[in-house]
Amino acid sequence: MGSISSPSATLTYSGAAVGDALGTSVAMSANGSTALIGASHVNSNKGATYVFQTSSEGSWSTSASPVDTLANSGGTANDVFGTSVAMSSDGTTAFIGADGVSSYRGAAYVFAGLAGPTTTTPTSVMFSPNGVGATASAYGQEDWAVGFTTSATGALGAGDTIRVTFPSGFVIPATPTITLPTGFIHCSATASMISQTVTITLANSSGTCSLGHSTPATLTLGVITNPENGTYPALGFSVATSPDTIAASPASNVVITLPAATQLVFTTEPSNGTSGAALSTEPVVTIEDAFANPVTSSTAPVTLSINGATLACTSGNPVHAVAGVATFSGCVVSGQPGTNTLQASSPGLSSATSSSFVLGTEAGSPFFTSPFSATATTGSTAVITVTASGTPTPAITLTSVAPTGVDFTPGTGSGTLTVGNTAATGSYTLTFTATNTIASVVTTATQTFTLTVAPSNQPTSLAATASATPGDAVLTWVAPAAAGTTSYTITPYNVTTASFESAITGISASATSDTVMGLTAGDGYTFTVTSLPSATASAVSNEILPVAAGPAATATGNTSDSATGTSTASIGTAGSTGSISASATGEGSVSVATYSSGSAPVLGFSAGTQSYDVSIAPGSDITALSFTVCGVPTTGLTAGEVLWYNPATQTNVNVSPAPTADGTSGCYEVNLNTTTSIPLISQLTGSIFAVPPAPLIAQAGLSVTSTSGTVGTALTLAASGGSGTGAVSFSVVAGTANGCAISNGALSVTSAGTCTVMATKAADSTYLVGSSLATTVTFAAVVVPVVLRATKVNGSGVVGRTVTLTIAGTGFNGHVTVTSNEAGTTAVVSHVSGRLLTVRVTVRAGSRKGEHTFTIRLANGKSCRVTYLVK
């Protein structure tokens with residue numbers, strides 16, 4: 001026992017005086033709830049003894065208030081009553097020594113009929129699992145609700161405990177999860193488990209923890225694994241709190257009802273083999289309930305069957321399940337090389353179909369190795385590969401008529417079935433033939449193939465347009481061909497910042513367009529539209545640039561004349577680079593301004609657009625207007641690219657720019673008059689004249705070329721295509737794998753599955769930003785090979801008898817044989833379960849006793865050895 005420096009409680013007497021010597025002697029009842037403490041020097045050594053009590057042994061707390069004081073009313077000074085004390089086991093009788101009585105002749109006094117501690121117990125105890133298997137994640141695992149009412153003296157607070165006990169057969173985790181949903185005020189809880197008792201310790205949480213006496217309360221314990229169906233006596237379940245002296249049980253027995261068996265599942269799939277020989281990996285079928293939990297109580301018979309071939313198993317067929325598992329061995333399929341499946345059935349249960357496996361032939365005859373069905377969707381092109389094996393490699397042809405929109409390219413060893421985007425929905429039966437020649441004899445094999453063309457659940461024809469409203473974009477799309485869409489989600493991708501912005505969800509299933517608002521003007525955007533609940537996204541839209549609100553103009557050097565005649569305004573020297581000048585005829589004035597560097601672009605023009613403001617004073621009567629703008633690009637600029645933008649109506653008006661005579665100075669002249677431009681001139685207050693830079697060119701197609709990886713190893717992403725010198729970056733769009741994340745160009749995950757990735761190549765001086773389609777990258781789990789090893793034989797052989805032994809180890813699967821080094825000893829494997837072999841061993845009379853060796857051998861030839869004892 002280690003050193004303990006902090007006592008759990010301290011007992012004193014509030015009326016004590018210096019020299020009383022409280023603690024001269026001590027004694028305690030057998031149940032630890034009543035204590036006697038002698039104080040031999042009280043009242044001039046006359047002495048006294050004090051009685052302290054608590055509700056239970058574990059409930060002692062610091063106190064200065066004894067429940068009783070024992071003394072000798074006829075005593076005198078120096079009797080030292082309390083020099084020694086003792087107590088009966090039930091705490092009702094006390095013995096007090098006083099060795100100073102009668103000049104140290106001494107005496108002992110008996111006090112009978114002391115009150116023992118008050119017995120307290122919780123009431124109204126209830127144990128109830130939540131649904132008993134209705135939503136179990138593993139067979140029989142449940143959260144249990146435990147309700148009780150505290151006893152009359154059972155108020156609880158921080159530091160108090162609640163003990164909940166379950167009978168044997170219930171498996172409780174070492175650290176159960178605890179929820180205190182009702183009754184408890186400002187309390188948190190921690191829990192531990194010893195044997196079948198969960199001890200819950202209360203603590204303060206956001207206030208002082210409290211639960212009053214005589215108060216109903218409910219707590220939840222999880223996750224507890226229930227035993228098999230049955231009725232369990234109420235006395236096996238109990239609740240007690242630390243102030244209680246007796247635990248309480250529910251008023252009635254507890255009944256466990258787990259879900260019934262409903263279905264069969266192949267938990268070990270058959271693997272490839274050779275026609276007429278045992279499968280290299282043989283099937284195991286598990287009986288499950290409706291929630292995919294194994295029903296370990298089931299011993300139902302399970303039968304295997306196969307269409308068009310012969311199946312025989314040395315284990316027998318059917319096989320009765322053991323603990324809900326039917327294990328087959330020595331299974332041989334004959335008569336049908338190529339792709340096959342097994343069917344499992346059992347009376348009253350849903351049947352199961354295994355995954356496909358391939359049977360070859362020893363003679364080299366052709367056989368198909370690809371699945372005999374596939375599904376494609378409308379609106380896209382699917383490529384399906386059909387393969388066959390044999391010696392020599394067979395030629396594959398389509399010997400039936402392909403439906404419209406479907407083509408087949410024959411080949412040797414494989415052929416390609418292409419389902420175009422014009423193929424109609426439906427189910428089509430195709431026939432493929434594989435042919436080779438063996439010793440001048442032509443041999444063939446056929447495969448009946450089912451092609452299903454299903455409607456696409458992907459929105460198509462997505463188009464994006466920059467709205468005239470600043471920061472808005474309008475998307476249109478065509479609804480998926482497949483029915484069942486409940487809503488759409490739009491995901492904006494900011495090409496400029498290479499980041500996804502908040503998705504817009506809950507768009508009506510009947511919608512084929514939507515306006516996206518709040519985009520950053522001047523940044524490039526692409527979009528996808530996803531159909532729910534299928535979560536299938538459209539192809540990425542074209543890129544657009546949202547419109548900016550017109551920024552405030554800054555003007556310098558304006559001159560004007562408000563009288564009838566001509567008014568002029570200019571910035572810079574007329575005709576020079578970076579100048580604007582204007583002349584208006586009529587009554588009123590004109591002013592001009594340029595926007596400062598870095599201002600937001602106008603109406604979808606990219607950053608760098610030259611923008612100018614031409615304003616006519618309110619109330620003006622202008623009949624003609626002309627202005628010249630210099631310092632703008634001339635290369636690639638054509639008529640119609642110089643625009644008036646009217647902020648009041650948020651509309652553009654094209655005018656025809658006319659380069660100056662030399663065509664090199666970068667100046668444009670625009671002339672408006674009442675004949676050609678009314679009412680344009682009257683709307684020019686606050687208008688903007690903008691000239692875009694030379695347009696950038698779209699990049700060539702960009703694609704992600706890294707499409708597969710392994711969990712635990714970061715996959716360096718790569719892309720091909722695109723144009724220009726812009727850097728390539730990658731982003732994660734979605735994924736089924738956990739933890740899809742990109743760091744320094746490498747993609748990593750924390751579980752097997754897929755990540756959907758998009759590559760983006762930045763713009764340069766010639767090319768726009770380019771993006772790839774969303775590409776699926778598949779991550780496979782790391783396969784850790786299981787080592788064949790036998791570690792121990794449980795049990796011993798007996799000379800002249802047959803006994804059942806078990807061999808523990810790893811890697812036991814499929815058809816397993818066991819042989820002994822002792823001639824005349826036979827061993828027959830009756831059950832294989834990965835880590836355990838069940839073997840019936842017959843030792844011939846007269847065999848040698850002592851240590852012998854078993855050799856365990858798998859169907860693939862692997863073997864190991866283990867020693868065993870014969871008695």
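No experiment lies behind these values; they were computed from the predicted model shown.
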If you take all heavy atoms of [X] and [Y], which pair is closest and at what distance?
X: Gln263; Y: Asp289; value: NE2-O, 3.0 Å
X: Ser373; Y: Phe449; value: N-CE1, 3.7 Å
X: Pro227; Y: Ile256; value: O-CG2, 3.9 Å
X: Phe184; Y: Thr218; value: CE1-O, 4.0 Å
X: Gly811; Y: Leu858; value: O-CD1, 3.8 Å

For Asp160, side-chain hydrogen bond (donor to acceptor under 3.5 Å, both in side chains) partners two or more places apart: Ser242
Which residues satisfy the side-chain hydrogen bond (donor to acceptor under 3.5 Å, both in side chains) test with Thr341, sequence neighbours excluded?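 Thr341 satisfies side-chain hydrogen bond (donor to acceptor under 3.5 Å, both in side chains) with Gln343 once adjacent residues are dropped.
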Could you tell me which residues satisfy side-chain contact (heavy atoms from CB on, under 4.5 Å) with [X], sequence neighbours excluded, listed by chain and number?
X: Val319; answer: Ser315, Ala326, Phe328
X: Thr262; answer: Ala290
X: Thr268; answer: Thr281, Val284
X: Ser751; answer: Ala737, Asn738

Partner of Pro366 under side-chain contact (heavy atoms from CB on, under 4.5 Å), chosen from Thr443, Ile396, Thr393, Thr391: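 For Pro366, the side-chain contact (heavy atoms from CB on, under 4.5 Å) test succeeds with only one of Thr443, Ile396, Thr393, Thr391, which is Thr443.
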Which residues share a ring pair (Phe, Tyr, Trp, His ring centres under 6.0 Å) with Phe357, sequence neighbours left out: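 Residues passing ring pair (Phe, Tyr, Trp, His ring centres under 6.0 Å) with Phe357: none at all.
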Does any pair with a residue in residues 862-871 pass side-chain hydrogen bond (donor to acceptor under 3.5 Å, both in side chains), and if so which ones, sequence neighbours excluded? Ser820-Tyr868
Could you list all the disulfide (SG to SG under 2.5 Å) pairs where at least one residue sits in residues 253-328, not counting sequence neighbours?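 Checked against disulfide (SG to SG under 2.5 Å) - neighbours excluded - the pairs reaching residues 253-328 are Cys313-Cys331.
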Donor-acceptor pairs are to be reported for all side-chain atoms of residues 789-802 against protein atoms at under 3.5 Å, with residues two or more places apart or in another chain.
{"from": "Thr791", "atom 1": "OG1", "to": "Ala808", "atom 2": "O", "distance (Å)": "3.1"}
{"from": "Asn794", "atom 1": "ND2", "to": "Thr806", "atom 2": "OG1", "distance (Å)": "3.1"}
{"from": "Thr802", "atom 1": "OG1", "to": "Thr842", "atom 2": "OG1", "distance (Å)": "2.8"}

Quick test of your reading: applying ring pair (Phe, Tyr, Trp, His ring centres under 6.0 Å), list the pairs with at least one residue in residues 809-832, sequence neighbours left out, ordered by first then second residue.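 Every pair satisfying ring pair (Phe, Tyr, Trp, His ring centres under 6.0 Å) with a residue in residues 809-832: there are none.
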The reported gap from OG1 in Thr286 to CZ in Phe266 (rounded to nearest 0.5 angstrom) is 10.5 Å
Side-chain polar contacts of residues 165-177 - donor-acceptor pairs under 3.5 angstrom, sequence neighbours left out - could you list them?
{"from": "Thr165", "atom 1": "OG1", "to": "Thr197", "atom 2": "OG1", "distance (Å)": "2.8"}
{"from": "Thr177", "atom 1": "OG1", "to": "Gly222", "atom 2": "O", "distance (Å)": "2.7"}

